[in-house]
Amino acid sequence: MKTLKDAGIGSTVRVVKLHGEGALKRRIMDMGITKGIEIRVRKAAPLGDPIELTVRGYQLSIRKADAEMIEVE
């Protein structure tokens with residue numbers, strides 16, 4: 001299983017599944033990250049956390065702990 005945390009900088013991935021439950025999963029979905037959507041990994045902070053993404057045409061920064069719950073291909 002490959003997660004968004006494992007995706008390299010500059011790569012484009014497609015969301016396969018969201019893990020987690022309740023409010024955490026709802027928060028990820030509210031940010032526009034849903035099954036089937038393409039995400040481009042733009043860059044990472046100097047210490048690696050958070051990572052900046054392009055989702056549905058806008059920039060989004062998420063923590064690696066949250067990125068670990070997003071399964072991609």
Side-chain angles (χ1 to χ4, degrees):
M1 175 181 87
K2 182 180 175 185
T3 64
L4 186 57
K5 180 181 173 185
D6 304 324
I9 295 172
S11 63
T12 300
V13 295
R14 183 176 303 275
V15 176
V16 175
K17 184 176 180 182
L18 297 176
H19 298 279
E21 295 180 5
L24 180 59
K25 186 174 182 179
R26 181 83 245 167
R27 186 169 58 88
I28 291 172
M29 292 175 71
D30 287 345
M31 289 188 278
I33 300 173
T34 56
K35 183 178 177 182
I37 197 74
E38 284 193 351
I39 298 175
R40 181 170 173 258
V41 182
R42 292 176 42 88
K43 57 186 172 182
L47 297 176
D49 198 21
I51 57 175
E52 186 176 312
L53 313 169
T54 299
V55 179
R56 298 181 189 255
Y58 70 94
Q59 278 69 45
L60 172 70
S61 292
I62 65 170
R63 297 176 295 193
K64 282 197 170 183
D66 294 341
E68 212 167 19
M69 296 180 184
I70 303 167
E71 185 177 338
V72 298
E73 62 180 3

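If you read the sequence from its start, that first residue is 1, and numbering goes on from there.
Atom CD1 in Ile39 sits 10.0 Å away from atom OG1 in Thr54 (nearest 0.5 Å).
Among residue pairs with one or both ends in residues 9-24, those qualifying as salt bridge (charged side-chain N to carboxylate O under 4.0 Å, His left out) are Arg14-Glu38; sequence neighbours excluded.
Partners of Glu52 by side-chain contact (heavy atoms from CB on, under 4.5 Å), not counting sequence neighbours, listed by chain and number: Arg42, Lys43, Gln59, Ser61. Legend: residues meeting salt bridge (charged side-chain N to carboxylate O under 4.0 Å, His left out) with Arg26, ordered by chain and number and at least two apart, are Asp30. Scored by the side-chain contact (heavy atoms from CB on, under 4.5 Å) test, Ala44 finds Ile9, Ile51 as partners (sequence neighbours excluded). In this structure, the side-chain contact (heavy atoms from CB on, under 4.5 Å) partners of Arg27, at least two apart in sequence or on a different chain, are Leu24, Met31, Arg63, Asp66. With sequence neighbours left out, Asp49 forms a side-chain hydrogen bond (donor to acceptor under 3.5 Å, both in side chains) with no residue at all.
Smallest separation of non-hydrogen atoms from Gly8 and Ser11: O-OG, 2.5 Å. Smallest separation of non-hydrogen atoms from Asp6 and Met1: OD2-O, 4.4 Å.
Between Leu4 and Val41 the shortest side-chain heavy-atom distance falls below 4.5 Å. Side chains of Thr3 and Val72 form no contact here, defined as non-hydrogen atoms less than 4.5 Å apart. Contact check for Met29 versus Lys25: side-chain heavy atoms found under the 4.5 Å cut-off.
Among Leu60, Thr34, Val15, Ile62, the single residue meeting the side-chain contact (heavy atoms from CB on, under 4.5 Å) criterion with Val55 is Leu60.
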